[in-house]
Asker: 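Okay, here's the structure, questions in a sec.
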Amino acid sequence: MRYSIQTSTRFSRVSLALAVAMVFMLALLPAYASRGLLQDMFFILTMLTLAQFWNLLAGYGGLLSIGQQAFVGVGGYAMFALVILHGWDPLAAVAVAGCAALLVSIPMGFFSFRLHGAYFAIGTWVLAEVLRLLVAQFKALGGGTGTSLPRAATRNLWGADWVKEVFDVKSAAARDILAYWLALALAAAAIAGIYYLLRSKQGLALSAVRDNAEVARSVGVNAHRLKWQIFLASAFGTGITGALIYLQKARISPDAAFSVTDWTAYIIFIVVIGGIGTIEGPILGVLVFYLLQSLLADYGSWYLLSLGVAGITVMLFAPRGLWGLISDRTGVQCFPIRRLLVQHSNKTGENSVRNHH
């Protein structure tokens, strides 16, 4: 008899093949989809990416942050600053914007990690508000009223001429196509990267820290360093996503870029209703959120009330979210991270699962 540790299942391998095929099909979407559909898909993909990074923090690292809008705002404003003040191409500025969010997250984490639980959550919110007030003082970027990207910058994006020629569209539509492709690539990279992390030894240590930090430390896990790593990684990814969002919008203001409702409250709703602590949860949650928004956004305050009712209902009847409910009843996992001890029989070649970790 011999044993091996496995994390993948037959269903997960099929899911991986389907996911790759879906990404390929979505990459071809601009060839036959309308501009409105591309903008809707851009919204879904960017919100999904933000949700995955918040889920990495809260669902796997146990860090309940209510200040993720800080990194969205810093990423967006860093991109605008590089374009307006230094003449960079917006696509190059998007990549560097993630580094700006990463740099801001270092002092932010320095103060936040001295707090715990609810105090940590409120602390990140307060620091995000401080950043909003500071950014509003920069008159070169529009101050409190905000500013727009120069038309020349949005018209002459890297690759825009090629997109206009291939798809026979105008400059604005070409920008939407480029932004959509970048959002698709970012969402795929975020999911793949987080999944790879969770399947590694670092991911196992991260889960141990989330469940019981003291016990994890007793077996040699450096909990403080691990939390710092995911905090910095989440800030970097959120900053790039924020820059991409405001590249597509082409206009930014402090109140919009640092909005706790748009970039944190909605993200928390997506993760919680879909299933916190799972990769599948935010994917399902963002689809539910988009559906509710499409159906109820015109009803004003009733829209927010309906989101609240939906969130409370799911938490009462499906504490692990919609995906947790589905997974519990069907046993299906598209992105399994649980480790299985599999026994291999030398005589018959048959395998059997002996234990779960």
Side-chain angles (χ1 to χ4, degrees), residues 47 49-77 100-137 144 206 209-214 216 223-239 241-242 245 253-277 281-282 285 289 301 304-305 307-312 314-316 319 321:
M47 293 297 282
T49 305
L50 293 176
Q52 290 289 357
F53 281 116
W54 188 85
N55 189 37
L56 175 64
L57 272 182
Y60 294 105
L63 297 173
L64 186 61
S65 170
I66 312 182
Q68 292 302 96
Q69 69 274 15
F71 308 126
V72 174
V74 168
Y77 265 98
L102 178 64
L103 290 174
V104 168
S105 70
I106 295 174
M108 191 170 174
F110 177 79
F111 292 107
S112 298
F113 282 133
R114 281 158 173 74
L115 306 171
H116 301 281
Y119 297 101
F120 175 88
I122 298 301
T124 55
W125 185 5
V126 171
L127 290 172
E129 285 297 297
V130 170
L131 286 172
R132 180 184 67 83
L133 295 174
L134 288 175
V135 167
Q137 307 309 311
L206 184 61
V209 170
R210 176 198 60 192
D211 295 337
N212 193 317
E214 294 301 323
H224 185 69
R225 183 179 65 186
L226 204 55
K227 288 185 176 182
W228 260 107
Q229 289 173 346
I230 64 166
F231 187 77
L232 296 177
S234 177
F236 178 77
T238 302
T241 308
I245 288 170
S253 68
D255 290 343
F258 291 89
S259 171
V260 65
T261 301
D262 291 343
W263 311 125
T264 300
Y266 286 160
I267 295 305
I268 294 175
F269 173 84
I270 288 170
V271 175
V272 170
I273 200 172
I276 191 169
F289 175 72
S301 59
L304 297 176
L305 181 61
L307 290 183
V309 171
I312 293 172
V314 170
M315 285 187 286
L316 287 176

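Quick caveat, the model's predicted, so the values are computed rather than measured. Residue numbers count from 1 along this sequence.
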Asker: Tell me, yes or no, whether the heavy-atom count around Trp125 atom CH2, taken from other residues, nucleotides or ligands under 6.0 Å, exceeds 12.
Answerer: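 Not buried by this count: 12 neighbours or fewer within 6.0 Å.
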Asker: State which residues pass side-chain contact (heavy atoms from CB on, under 4.5 Å) with Phe269; sequence neighbours excluded, sorted by chain then number.
Answerer: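 Applying side-chain contact (heavy atoms from CB on, under 4.5 Å) to Phe269 gives Ile273, Phe289, Leu292, Leu307, Ala310.
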Asker: Mind listing the closest non-hydrogen atom pair of Tyr77 and Ala257 along with its distance?
Answerer: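 So the minimum-distance heavy-atom pair works out to CE1-CB, 4.1 Å.
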Asker: Only counting residues at least two apart or in another chain, list the ones meeting side-chain hydrogen bond (donor to acceptor under 3.5 Å, both in side chains) with Gln69.
Answerer: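 By the side-chain hydrogen bond (donor to acceptor under 3.5 Å, both in side chains) rule, Gln69 matches Thr264.
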Asker: What donor-acceptor contacts under 3.5 angstrom involve side-chain atoms of residues 103-119, with partners at least two apart or in another chain?
Answerer:
from, atom 1, to, atom 2, distance (Å)
Ser105, OG, Leu102, O, 2.5
Ser112, OG, Met108, O, 2.8
Arg114, NH1, Phe110, O, 2.5

Asker: Which heavy atom of Leu57 sits nearest to which heavy atom of Phe231, and what is that distance?
Answerer: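 In terms of heavy atoms, the two residues are closest at CD2-CA, 3.7 Å.
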Asker: Please name all residues satisfying side-chain contact (heavy atoms from CB on, under 4.5 Å) with Ala223, sequence neighbours left out, ordered by chain then number.
Answerer: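 Ala223 satisfies side-chain contact (heavy atoms from CB on, under 4.5 Å) with Val209, Arg217 only.
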Asker: Please round to the nearest 0.5 Å and tell me the distance separating atom CG of Leu232 and atom CZ of Phe71.
Answerer: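 So the gap between those two atoms works out to 8.5 Å.
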Asker: Judged by atom type as modelled, is there a donor-acceptor pair below 3.5 Å linking the side chain of Ser234 to the main-chain atoms of Ile230?
Answerer: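 Pair absent, no side-chain N/O of Ser234 close to backbone of Ile230.
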Asker: The criterion is side-chain hydrogen bond (donor to acceptor under 3.5 Å, both in side chains); which residues satisfy it with Ser65, sequence neighbours excluded?
Answerer: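 So Ser65 forms a side-chain hydrogen bond (donor to acceptor under 3.5 Å, both in side chains) with Gln68.
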Asker: How long is the straight-line distance from CD1 of Ile276 back to CG of Leu64, given to the nearest 0.5 Å?
Answerer: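 The CG atom of Leu64 sits 7.5 Å away from the CD1 atom of Ile276.
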Asker: In Å and rounded to the nearest 0.5 Å, what is the CD to CG distance from Gln52 to Leu56?
Answerer: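 Between atom CD of Gln52 and atom CG of Leu56 there are 9.0 Å.
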Asker: Main chain of Ile66, side chain of Thr124: is a donor-acceptor contact present, judged purely on distance under 3.5 Å?
Answerer: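 Yes; judged by distance alone, with no hydrogens or angles, the pair exists.
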Asker: Roughly how far, to the nearest 0.5 Å, is the CG atom of Asp255 from the CZ atom of Arg132?
Answerer: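 With rounding to 0.5 Å, CZ (Arg132) is 5.0 Å from CG (Asp255).
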Asker: State, yes or no, whether a side-chain contact exists between Leu50 and Thr238 at a heavy-atom distance under 4.5 Å.
Answerer: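 Yes, at least one pair of side-chain atoms sits under 4.5 Å.
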Asker: My understanding is that only residues two or more places apart in sequence, or in another chain, count here; which of them pass side-chain contact (heavy atoms from CB on, under 4.5 Å) with Ala233?
Answerer: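 For Ala233, no residue satisfies side-chain contact (heavy atoms from CB on, under 4.5 Å) once neighbours in sequence are set aside.
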Asker: If you look at every heavy atom in Ile270 and Pro282, which pair is closest and at what distance?
Answerer: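 What the structure gives for the nearest pair is CG2-O, 3.7 Å.
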Asker: Check whether Trp263 reaches the backbone of Gly67 with its side chain - one donor and one acceptor, N or O, closer than 3.5 Å.
Answerer: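 Answer holds: no.
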